[in-house]
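Right, one structure below, let's go through it.
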Amino acid sequence: MEIASKYNPRAVEEKWYSFWLEKKLFHSEPDKRHPYTVVIPPPNVTGVLHMGHMLNNTIQDVLVRRARMMGKNACWVPGTDHASIATEAKVVNMLKEKGIDKRDIGREEFLKQAWQWKEEYGGIILKQLRKLGASCDWDRTAFTMDDIRYESVIRVFVDLYNKGLIYRGVRMVNWDPQALTAVSDEEVNYKESHSKLYYLRYYVEQSDDSNQSDYIVVATTRPETILGDTAVCVHPEDERYQWLRGKRLVVPSVGRSVPVIMDEYVDREFGTGALKITPAHDVNDYNLGMKYGLETINIFNDNGTLNANGGKYAEMDRFACRKAIMKDLEEAGLVEKVEDYVNKVGHSERTDAVIEPKLSTQWFMKMGDIAKKALDVVEDGKIQFHPEKFKNTYRHWLENIKDWCISRQLWWGHRIPAYYVDVDGKREVVVAATREEAFEQVCKRWPGVVKNADDLVQDEDVLDTWFSSWLWPISLFDGIRNPDNEEIKYYYPTDDLITAPDIIFFWVARMIMAGEEYRGEVPFRHVYFTGIVRDEKGRKMSKQLGNSPDPIELMEKYGADGVRMGMLLTAPAGNDLPFDVKICEQGRNFANKIWNALRLVKGWEKSEEQKQSPENEVAVEWMEQRMASVLGEVEKDFDQYRLSEALMNTYKLIWDDFCSWFLEMVKPAFGHPIDRETYEATVRIFEKLMCMLHPFMPFVTEEIWHLLQDTDSDVKAELVAGSSIMMQHMPVSVFFDQRMLDDCSTMREIVAGIRNIRSSKGLSPKDELELFVMSEEGKLMNKRFDGVIRKLANVKQINYVAEKVENSVSFMVGTTECFVPMKQNADSADDRKKLEEELRYAEGFLASVMKKLNNEKFVNGAPEKVVALERQKKADAEQKIAALKERLGL
RNA sequence: GAUCUGCUAGCUCAGUUGGUUUAGAGCGCUUGCUUGACAGGCAAGAGGUCACAAGUUCAAAUCUUGUGCAGAUCACCA
């Protein structure tokens with residue numbers, strides 16, 4: 001069979017993904033097996049695959065594929081998120097390009113357009129995930145706004161309202177003037193910015209005491225808000241301002257007279273110690289306003305321009321107004337000074353617009369008991385975080401949590417099922433899943449007020465996106481509408497959640513709350529937090545910087561397997577991933593290495609008569625032991641969610657142990673056949689290795705697994721063609737013989753020692769050598785490895801001797817000296833130098849051991865075992881030193 | 001400002017309850033190889049005062065305290 005010397009992932013990957021889909025190997029239905037469930041963090045329906053998704057979904061796929069091969073009924077549910085703000089913004093823009101304003105076409109038409117747009121462009125990301133090899137159960141693909149999920153959200157809202165956990169109220173909220181909606185506290189990012197601190201003069205009204213200065217200076221970063229000033233506040237014990245008690249001030253430029261209030265809230269050290277109060281546009285000012293019964297003057301429109309209260313500045317944008325008002329104040333001589341000032345300004349997570357605190361009526365969800373429950377399950381370990389450090393962040397947030405603002409002034413989303421009705425001139429509200437149910441309620445409570453259901457006015461707002469995704473692990477299995485259905489009972493709670501730490505509050509915490517509230521059980525048992533993918537300079541990958549490689553191009557260049565491996569190699573849980581496309585090369589090279597190992601094995605001619613040689617026998621035995629040992633380590637790695645380590649251990653097992661050592665041990669000489677027994681053992685081992693690697697590199701392992709199969713007969717060929725590595729059992733660790741592994745490392749040391757001599761003496765691998773070991777036969781290692789040494793190091797004969805050998809070069813293996821006789825140049829200056837160095841090291845080592853042994857406290861205080869070990873070290877070192885000295889002729 | 005995490009080879013990271021040879025891996029680097037699977041390869045090699053300082057201990061990369069640096073989360077004073 002002719003096989004290309006370079007592995008070509010492209011065709012292979014496409015072929016096998018279609019095959020898996022066709023055979024429905026990703027599909028899961030409840031059955032007798034143990035379930036293993038993962039729900040995808042739903043990407044935005046309009047999103048495009050980026051490196052963060054790549055990392056996150058690779059990890060999920062590794063865990064899911066492994067669980068599947070371990071005999072679990074693995075179910076990975078994919079889906080997308082409607083992403084209220086982001087998607088609405090995109091649709092609004094799309095319409096704007098067509099010259100359409102969303103208000104002109106109205107809610108219904110807008111939603112029609114949005115859905116159309118979603119059908120057309122949405123879900124690209126899910127198709128991209130297939131290229132990566134994601135083994136999602138695509139038959140279960142869900143959307144946070146499809147019928148089941150929509151209805152679930154509405155039901156939950158009604159239920160929480162009836163439980164008194166949801167309420168409507170007027171509060172100061174974070175207003176996004178670009179998206180024209182309120183956002184939650186979590187959706188505000190505070191960014192450091194270079195601002196100015198403006199010092200403005202506020203004149204005292206009708207100052208009659210001519211000894212006092214007739215104005216005070218107030219510092220502000222937002223001079224435009226003086227239009228809404230309704231007081232100035234100073235600290236009650238501030239001596240500088242005692243004379244102001246009971247006085248009134250004139251707001252500069254505006255001319256409004258406002259009172260001076262005194263409150264300890266004011267920081268005397270900051271600015272001038274005098275604070276202007278704008279209750280409509282600052283949370284703290286609002287609180288002071290409430291406390292002192294101040295007037296609240298709203299000066300902004302929803303889009304951040306000034307309203308009629310802005311007087312001559314009306315209709316101006318807030319930032320333009322700032323400039324304009326400063327110019328006017330300057331001209332009027334009301335500006336004391338302007339300083340540079342660094343502060344933090346809140347920006348909208350979605351639109352990046354500067355957040356405006358705004359007083360408005362919104363819906364909120366109470367976070368009291370439910371937050372406590374969500375904290376408890378993490379504190380007592382029912383849910384484990386990986387890495388654990390995120391527990392701190394989580395705890396801190398939940399202990400300081402405020403009520404959740406869940407209403408958004410948007411159209412794209414789950415419309416709040418609240419209906420309003422006028423009763424005796426008062427606006428009353430009912431909450432119900434449907435308009436009909438709402439109507440029934442109204443009829444019962446206020447008979448005769450409304451004639452039919454259409455007369456009810458539904459709330460215009462939709463719910464926060466996270467108010468649907470917090471139900472995801474439940475609603476995916478229809479557990480809200482049908483809490484006793486077979487699927488939810490089987491698949492819930494899910495096992496692992498893999499997500500980025502930046503949505504720990506938005507999503508993770510709230511899913512835990514929903515789980516407790518609606519299932520009385522945690523939604524998942526482990527949360528694996530991935531790191532942030534950064535570029536080689538350590539910067540976060542972002543569209544603006546343009547430093548993010550296109551994942552599709554990467555996969556085309558290196559193969560999906562190569563990219564998967566590259567990312568996983570340097571991505572321990574919770575650690576940022578400094579991504580350099582170069583690490584994908586390592587993945588690609590690895591695939592190629594395995595490919596060539598296959599070429600080697602497939603190229604062997606098998607002999608039926610030839611009996612297995614003792615070398616091959618020991619090689620097979622050793623490789624099996626070695627595999628058992630590494631399997632144990634990999635299992636431990638997975639238990640601790642150390643995926644990078646698991647992959648690295650598998651990588652070394654395949655590249656070093658299997659390719660560099662095992663295959664070299666059993667490889668027949670050119671033109672010679674291999675005995676069938678060894679061949680079959682090799683194939684069996686190779687297959688197992690592919691199973692171990694499959695979760696990480698699904699495509700190349702599937703390809704090789706198929707090519708390894710014996711397809712001598714048509715029947716067999718057909719059987720193999722219909723089968724998959726995915727259906728094989730993951731090998732499990734078994735007891736292994738450590739002595740065998742130790743013997744093999746000794747053998748490796750000897751081979752390396754001889755290779756070393758070859759390279760330093762310029763000897764060709766073809767020159768046959770002889771080896772003398774100063775030890776009894778079989779003492780250094782099991783003599784079954786002698787044949788292996790002869791083969792790998794091209795040694796004609798191994799002799800065991802009691803005396804050192806003249807005219808030879810030597811090396812030490814532990815405390816045993818080995819000699820390779822030389823025809824000439826036995827002892828070069830280089831050799832001496834090396835020996836001297838070794839001697840120096842050994843003497844230094846002995847000194848450090850003696851320091852301990854000469855210390856009475858150590859000998860008496862340390863455990864016996866430790867002391868005995870030091871004595872052994874001493875003996876070994878002394879023996880080694882003696883040998884080296886003799887060699888050096890000292 | 002508060003809290004948390006980290007600091008080990010050029011880079012990215014391991015290093016379990018202190019003791020297994022004066023610290024390991026992968027990549028990178030250096031040197032030598034057209035070795036009948038693979039140059040996307042093979043073989044050999046160099047490279048570290050475990051951030052710094054003090055302490056506890058017979059014994060510290062590992063425990064304690066302090067300092068420095070980096071990062072994360074939260075809170076913000078206009």
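Since the structure is predicted, the reported quantities are computational estimates derived from the model, not experimental observations.
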Using Watson-Crick geometry (N1-N3 plus N6-O4 or O6-N4) or G-U wobble (N1-O2, O6-N3), each under 3.5 Å, rU17(B) is paired with none
Centre of Y199(A)'s six-membered ring, under 6.0 Å away, within 45 degrees of the axis: is that where NZ or CZ of K337(A) sits?
yes
R755(A) side-chain proximity, nearest of rC76(B), rU22(B), rA44(B):
rA44(B)
Euclidean distance for P, rA43(B) against rG26(B) (whole angstrom)
12 Å
Taking OP1 and OP2 of rC38(B), is either one under 4.0 Å from a side-chain nitrogen or oxygen of N589(A)?
no
Using the C1' atoms only, state how far rA9(B) lies from rA23(B), rounded to an integer number of Å.
11 Å
Can you measure L792(A) atom CG to rA43(B) atom P for me and round it to whole angstrom units?
11 Å
List, with names and distances, any nitrogen or oxygen atoms from the protein found under 3.5 Å away from nitrogen or oxygen atoms belonging to nucleotides 23-28 of chain B.
from: rA25(B); atom 1: O2'; to: K652(A); atom 2: NZ; distance (Å): 3.1
from: rG26(B); atom 1: O2'; to: Q586(A); atom 2: NE2; distance (Å): 2.7
from: rC27(B); atom 1: OP1; to: Y651(A); atom 2: OH; distance (Å): 3.4

Quick one: do D238(A) and R240(A) make a salt bridge, cutoff under 4.0 Å?
yes
Whole angstroms only, please: what is the CZ-P distance between F686(A) and rA37(B)?
14 Å
Any side-chain N or O of K593(A) under 4.0 Å from OP1/OP2 of rC42(B)?
yes
If the cut-off is 4.0 Å, is R871(A) near the phosphate of rG19(B), judged by side-chain N/O to OP1 or OP2?
no
More 5' along RNA chain B: L846(A) or K6(A), using each one's nearest nucleotide?
L846(A)
Aromatic ring proximity F385(A)/F390(A), centre distance under 6.0 Å
no
For rC7(B), the Watson-Crick or wobble counterpart (both distances under 3.5 Å)
rG68(B)
Regarding D876(A) and R871(A), does a basic nitrogen lie under 4.0 Å from an acidic carboxylate oxygen?
no
Closest to the side chain of P863(A), out of rC77(B), rG19(B), rA37(B), is rG19(B)
Parallel, tilted or perpendicular, judged at 30° and 60°: which one describes the rings of W604(A) and Y679(A)?
perpendicular
Taking 4.0 Å as the cut-off, does a side-chain nitrogen or oxygen of K389(A) come that near to OP1 or OP2 on rG6(B)?
no
Has Y341(A) got a side-chain N or O lying under 4.0 Å from the OP1 or OP2 atom of rA78(B)?
yes
Could you tell me how far rG10(B) sits from rG18(B) if I compare only their C1' atoms? Round to whole Å.
31 Å
Centroid-centroid distance, Y651(A) to F696(A), less than 6.0 Å
no
Geometric cation-pi criterion R626(A) and W661(A), 6.0 Å radius, 45° cone
no
Output yes when R318(A) and E224(A) qualify as a salt bridge under the 4.0 Å nitrogen-oxygen rule, no when they do not.
no
Just N and O in the side chain of N575(A): are any of them under 4.0 Å from OP1 or OP2 of rC13(B)?
yes
Take atom P in rG19(B) and the same atom in rU35(B), then report the distance between them in whole Å.
46 Å
Looking at the side chain of A752(A), which of rA44(B), rG19(B), rC77(B) is the nearest nucleotide?
rA44(B)
Side chain of C659(A) only, please: which of rG40(B), rA37(B), rA43(B) is the nearest?
rA37(B)
Starting from the 5' end of RNA chain B, give me the residue, S759(A) or W595(A), whose nearest nucleotide shows up first.
W595(A)
